[in-house]
Amino acid sequence: MTGPHLWIRAEQRANEDRVGLTPEGAAALIAAGFRLTVEDSATRILPLDGYVAAGCATAPEGSWPGAPDEAIIFGLKELPDDGTPLRHRHIMFGHAYKGQPSGRVLLRRFAAGGGTLYDLEYLVDEAGRRVAAFGYWAGYAGAAVSLMCWAAQQQGGICGPVSGYGDAAAMRADLAARLDAAGAPRPDALVIGALGRVGTGAADLCAAMGVAVTRWDMAETASGGPFPEVLDHGIFLNCILARPGTPVFVPATAPTDPRALRVIGDISCDPDSAFSPIKVYDRTTSWDAPALRVHDAPPLDVTAIDNLPSMLPLESSQDYAGQLLPSLLTLDRPDAGVWGRAAAIFDDHMERIRDQ
């Protein structure tokens with residue numbers, strides 16, 4: 001009996017070089033009876049040759065709409081926003097379940113085509129824990145960008161465009177050069193959510209750069225605030241998701257309050273949420289303009305980039321793909337386990353769309 005047909009599509013978002021399956025993972029799936037098709041890509045961090053050597057078939061970039069009906073289309077980020085009906089089963093980050101307008105559009109495309117979304121954010125085990133996440137490298141890259149913002153401040157400027165790196169060693173070398181050129185002692189940093197994946201990555205980058213780190217987690221924030229200690233650090237790194245009950249860590253008065261704080265790295269990056277713990281900004285930043293200056297004298301910059309792991313596509317792809325592979329190996333049972341749970345969440349949201 002032929003196993004599932006997994007089709008790895010090329011990413012089409014700018015600055016997105018990651019992939020959710022390595023050639024080694026592809027070989028493991030093929031050994032388990034899967035069929036693999038991998039689209040060519042001008043930007044993917046892992047070359048097509050490795051997948052061919054593993055036994056994968058290839059297809060032109062962006063050809064997935066013509067894939068056989070039974071193929072399961074696997075990518076990371078959003079599909080082209082062309083409004084076409086979606087007839088396949090798709091594995092991806094859909095960002096469709098929290099009321100986002102673009103999410104409702106996506107779900108209507110699935111309704112029109114009869115396809116299914118297995119949202120990577122909602123692949124969870126029996127205890128409700130995500131089976132795979134990019135969090136560590138989001139924290140690592142977010143801390144690096146925050147320090148880039150601080151270094152630019154020390155030279156009287158604001159951080160210019162950032163880009164991806166071939167590996168983490170290249171990022172560290174570039175960042176060390178920027179910090180040395182700043183001509184000032186390293187700042188200190190406070191990381192909130194330090195015991196989680198995101199916070200661990202942020203703290204590890206700071207430690208690698210010689211930045212003293214104060215690590216806070218639930219025990220240190222249980223009082224609900226206020227938290228004047230945040231303003232006593234040069235860098236503040238928020239690594240927790242906004243949700244009901246999240247305390248405010250940076251109040252709206254912070255820019256004009258007495259403070260050592262110079263850079264806020266909102267790595268969780270949720271400024272639109274009413275539960276955001278950072279009340280001094282209202283929009284995300286970008287690779288082209290990573291810093292938002294919210295006060296001039298003394299300067300206070302916020303950086304909040306929503307695809308930070310893409311700055312380190314090699315390590316983040318290898319890490320994430322390794323976490324996800326055990327679940328991919330169970331795709332021959334799409335109605336059970338992580339896939340069955342993801343499908344049930346999709347079906348529930350589709351019912352809501354149909355009722356609107």
Side-chain angles (χ1 to χ4, degrees), residues 4-21 35-44 57-123 134 269-273 282-288 304-310 313 320 324 328 331 334-335 339-356:
H5 182 185
L6 189 63
W7 185 292
I8 310 302
R9 62 177 172 85
E11 299 295 332
Q12 294 176 286
R13 178 176 178 171
N15 301 316
E16 186 53 81
D17 302 341
R18 293 175 294 170
V19 62
L21 182 71
R35 295 173 57 206
L36 269 290
T37 300
V38 180
E39 290 186 359
D40 196 7
S41 170
T43 61
R44 185 185 296 125
T58 64
E61 183 169 345
S63 60
W64 60 265
D69 289 346
E70 76 278 2
I72 303 171
I73 313 301
F74 179 22
L76 295 177
K77 302 303 287 186
E78 60 265 29
L79 299 170
D81 187 17
D82 58 13
T84 55
L86 297 172
R87 62 188 174 85
H88 295 98
R89 292 171 289 172
H90 283 261
I91 302 170
M92 59 181 283
F93 287 105
H95 305 295
Y97 298 157
K98 298 178 182 178
Q100 304 98 319
S102 60
R104 289 193 291 272
V105 172
L106 178 66
L107 291 177
R108 291 191 182 103
R109 292 175 66 186
F110 276 108
T116 299
L117 170 64
Y118 298 115
D119 195 310
L120 288 164
E121 187 176 352
Y122 294 86
L123 295 186
F134 282 103
C269 195
D270 200 7
D272 295 333
S273 172
D282 60 1
R283 57 192 182 274
T284 60
T285 63
S286 67
W287 289 44
D288 289 336
I305 296 173
D306 68 0
N307 63 332
L308 285 163
S310 301
Y320 186 82
L324 186 62
L328 290 176
L331 261 175
D335 298 327
W339 307 107
R341 286 186 284 272
I345 294 170
F346 170 76
D347 290 341
D348 178 62
H349 283 84
M350 290 299 286
E351 287 297 322
R352 301 180 197 182
I353 288 290
R354 295 185 183 101
D355 292 340
Q356 291 177 359

**Fill in**
His88 meets the ring pair (Phe, Tyr, Trp, His ring centres under 6.0 Å) criterion, sequence neighbours left out, with none
**Request:** Let me see the working for Leu331 and Leu6 under side-chain contact (heavy atoms from CB on, under 4.5 Å), right down to the final yes or no.
**Result:** CA-CA 9 Å; Leu331 261 175; Leu6 189 63; 4.1 Å; yes
**Request:** Working to the nearest 0.5 Å, report the span between CE of Met92 and CG of Leu106.
**Result:** 5.5 Å
**Message:** To the nearest 0.5 Å, what is the distance between CZ on Phe134 and CG on Leu308?
**Reply:** 12.5 Å
**Request:** Name all pairs fulfilling the salt bridge (charged side-chain N to carboxylate O under 4.0 Å, His left out) condition that reach into residues 88-97, sequence neighbours left out, sorted by first residue then second.
**Result:** none
Show the atom names and distances, to 0.1 Å, of all donor-acceptor pairs under 3.5 Å that link a side chain in residues 79-86 to residues at least two apart or in another chain.
| from | atom 1 | to | atom 2 | distance (Å) |
| --- | --- | --- | --- | --- |
| Asp82 | OD1 | Thr84 | N | 3.1 |
| Asp82 | OD1 | Thr84 | OG1 | 2.8 |
| Asp82 | OD1 | Arg109 | NH2 | 2.9 |
| Thr84 | OG1 | Arg109 | NH2 | 3.1 |

**Message:** List the residues meeting side-chain contact (heavy atoms from CB on, under 4.5 Å) with Asp306, not counting sequence neighbours, and say none if there are none.
**Reply:** Arg13, Cys269
**Test salt bridge (Lys or Arg N to Asp or Glu O under 4.0 Å) applied to Glu16 - qualifying residues, sequence neighbours left out** = Arg18
**Request:** List in chain and number order the residues that pass ring pair (Phe, Tyr, Trp, His ring centres under 6.0 Å) with Phe93, two or more places apart in sequence or in another chain; answer none if no residue qualifies.
**Result:** none
**Fill in**
Exactly one candidate in Leu117, Ile72, Leu76 meets side-chain contact (heavy atoms from CB on, under 4.5 Å) with Ile91; the answer is Ile72
**Prompt:** Quick one: ring pair (Phe, Tyr, Trp, His ring centres under 6.0 Å) pairs with a partner in residues 66-85, sequence neighbours left out?
**Reply:** none
**Fill in**
Sequence neighbours excluded, the answer for side-chain contact (heavy atoms from CB on, under 4.5 Å) partners of Asp335 is none
**Fill in**
Sorted by chain and number, sequence neighbours left out, side chain to side chain donor-acceptor pair (under 3.5 Å) with Asn307 holds for Trp287
**Request:** Hey, could you give me each pair passing side chain to side chain donor-acceptor pair (under 3.5 Å) that has a residue in residues 61-79? Not counting sequence neighbours.
**Result:** Asp69-Arg87
**Prompt:** In chain order, what residues pass the ring pair (Phe, Tyr, Trp, His ring centres under 6.0 Å) check against Trp339, with sequence neighbours excluded?
**Reply:** Tyr118
**Interatomic spacing from NE2 in His349 to OH in Tyr122 - rounded to 0.5 Å** = 6.0 Å
**Prompt:** Say you draw a straight line from CD1 of Ile8 to OG of Ser41; how long is it, rounded to the nearest 0.5 Å?
**Reply:** 12.0 Å
**Request:** Could you grab the distance from atom CZ of Arg104 to atom OH of Tyr97, nearest 0.5 Å is fine?
**Result:** 14.5 Å
**Item:** Side chain to side chain, Leu36 and Leu21, heavy atoms closer than 4.5 Å
**Value:** yes
**Prompt:** At their closest point, which heavy atom of Ser310 faces which heavy atom of Asn15, and how far apart are they?
**Reply:** CB-O, 3.2 Å
**Item:** Side chain proximity check, Leu324 to Leu123, heavy atoms < 4.5 angstrom
**Value:** yes
**Message:** I'd like to know if the side chain of Thr284 and the backbone of Ala304 have a donor-acceptor N/O pair within less than 3.5 Å.
**Reply:** no
**Asked** Between Arg9 and Ile73, what is the shortest heavy-atom contact and its length?
**Response** CD-CG2, 3.7 Å
**Counterpart residues, side chain to side chain donor-acceptor pair (under 3.5 Å), relative to Thr37 (two or more places apart)** = His5
